[in-house]
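Below is one structure, written out as structure tokens, with a few remarks after it.
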Amino acid sequence: MWCTMEYIDDVFLSVLRSKIFKNRDALSPDYIPEVLPHRESQIRRLGGILAHALKGSKPGNVFIYGLTGTGKTAVTKFVLRRLTLKARELNVAVKYAYINCRQSDTPYRVLADIAEALGIRVPFTGLSIAEVYRRILRGLNEYKGVFIIVLDELDSLIKRKGDDILYKLLRVNEEGIEVKVSLICITNDVKLLEILDPRVRSSLGEEEIIFPPYNALELRDILLFRAKEAFNDGVLEEDVIPLCAALAAKEHGDARRALDLLRVAGEIAERENSDKVTCEHVKKAYSEIEKNTTLEVVKSLPLQAKIVLHAILLLEEKNVKPITTGHIYSVYTNLCKVIGVSCLTQRRISDIISQLDTLGLISAEIVSRGRYGRTRVVKINVDRKILVEALKDWRSITH
DNA sequence: CGTCCACAGGAATGACGGGCGG
DNA sequence: CCGCCCGTCATTCCTGTGGACG
């Protein structure tokens, strides 16, 4: 009893008076800092466009393009926050809805989120899309002002569900309503604009802002700023930040990755009761992050996807030269028989394979082998040992 | 140079559960 | 409570296609 209490108290205390962290939240992906280094021009562009809202007129629609972790979301939120503050100061009606299309990945949920931002209560499900749309129009009619809709990670929505929602949202302005609705679309796929309906495209492409990836030097500046807020003075060894920046720069200059790396390195240092964060901690953090994410992804996979993944793993172990859809499917059907699970069509497996690809677990490249047909060649994309661990339960049954 | 393989991937459809309006 | 409409998963049927083979 005593021991437990003391132990618990120790845990509390060690967190409360952390030797390492001053404010760990400053490294979280949701944190919007006061300074966004190396994004001045994008902030100025977006701010200039949206400033029209302060005069009560409709800002042009904006299309924002940039790879993950290039600050698109942070810049957008940052500018919108300043804008609404300024609007309140000037007593102008400006509202915005921020929607992450990866989380709200159906037309219904997008509309529901918009409704919610307008203060309209909408059930999780049960209404027709048209009904939600009608309610939003009604809400907008009462509101009378500038309304900005941000659609973050729009590509995941469009690719799966098409662009009719965009069409609807763009048409709001023509419904005979006094409200001005502007769209900000954020995507990491350049080709997205090309996929869209021409009318939608020209309307969305009114303004275009590009976010290039950060290089290692820029990442270093970002980390320096954040580290000042997040860590106690002098706990970072000199090379820690450059190392985090360099590792993240190798992976497309993703600032979120760099920040994660730094945060986890700090957590490891703390766990080890170290006074300093060292490069060793960063390296540990690097592999820990990779392991955790893949483990989590694999475990949360639906049953059939796990079986498919297992089939791929078996083929790779048997050293099958090119792993193709056909191979996977035949191994998969065998596995299903062994386990006693109903097996799906090849069509479905094809979809599951591409899902595994977009999750990053495998890379499936479409290859044409002439007379021998056109197929996907699959290669495992993560540490095999981690996959084996994640699929442990299966292996005992099947071998 | 045409064939034809081994699939990719779109469209239509259905089964099913969740959840609301009435 | 029923009927309706969602979203998800899965099937069926289908057309499309790059390039080695003959």
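Proteins come first, then strands; the chains are lettered A, B, ... in the order of their sequence lines, and each starts at number 1.
- Spacing between atom CG of L111(A) and atom C1' of dC5(C) amounts to 14 Å, rounded to whole angstrom units.
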Exercise. Does the pair N100(A) and E153(A) meet the rule for a side-chain hydrogen bond (donor to acceptor under 3.5 Å, both in side chains), with working shown?
Worked result: CA-CA 6 Å; N100(A) 185 319; E153(A) 305 197 60; 3.2 Å; yes
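- Following rounding to the nearest Å, L303(A) (CG) and dA10(C) (P) show an atom-to-atom distance of 9 Å.
- With respect to the salt-bridge test (charged N to carboxylate O, under 4.0 angstrom), the residues K291(A) and E288(A) do not qualify.
- The distance from atom CD of Q304(A) to atom C1' of dT8(C) is 14 Å, rounded to the nearest whole Å.
- Rounded to whole angstrom, the span from the CD1 atom of I353(A) across to the P atom of dA10(C) amounts to 14 Å.
- Salt bridge E365(A)/R376(A): absent, no basic N to carboxylate O contact under 4.0 Å.
- Contacts classified as ring-ring contact (aromatic ring centres under 6.0 Å, His included) and involving residues 324-380 of chain A (residues at least two apart or in different chains) are given here: Y329(A)-Y332(A).
- When all heavy atoms of L83(A) and A53(A) are compared, the closest pair comes out as CD2-CB, 4.5 Å.
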Exercise. With the sugar-phosphate defined as primed atoms, P, OP1 and OP2, and the base as all remaining atoms, what B/S/- string results for nucleotides 14-22 of chain C, 5' to 3', for protein heavy atoms under 4.0 Å?
Worked result: --BBBBBS-
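- Salt bridge annotation for R134(A)-E131(A): present, with a cationic side-chain nitrogen under 4.0 angstrom from a carboxylate oxygen.
- Comparing dG21(B), dG10(B), dC7(B) against the side chain of T325(A) picks out dC7(B) as the nearest.
- Side chain of Q346(A), nearest nucleotide from dC9(C), dC7(B), dT8(C): dC7(B).
- Whole-Å rounding puts the Y108(A) OH to dC4(C) C1' distance at 12 Å.
- At least one side-chain nitrogen or oxygen of T345(A) sits closer than 4.0 Å to the OP1 or OP2 atom of dT11(C).
- Between the CZ atom of R134(A) and the C1' atom of dC5(C) there is a distance of 13 Å, rounded to whole Å.
- Taking atom CG on L344(A) and atom P on dC9(C), their separation rounds to 12 Å, with Å as the unit.
- Remark: R376(A) is in phosphate contact with dA8(B), judged by side-chain N or O atoms under 4.0 Å from OP1 or OP2.
- Taking atom NE2 of H327(A) as the reference point, atom C1' of dC7(B) lies 13 Å away to the nearest angstrom.
- At dC7(B), one or more side-chain N or O atoms of T324(A) fall inside 4.0 Å of OP1 or OP2 (strictly under the cut-off).
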Exercise. Under the side-chain hydrogen bond (donor to acceptor under 3.5 Å, both in side chains) criterion, do N188(A) and Y65(A) qualify, and how do the steps go?
Worked result: CA-CA 6 Å; N188(A) 49 37; Y65(A) 163 73; over 6 Å; no
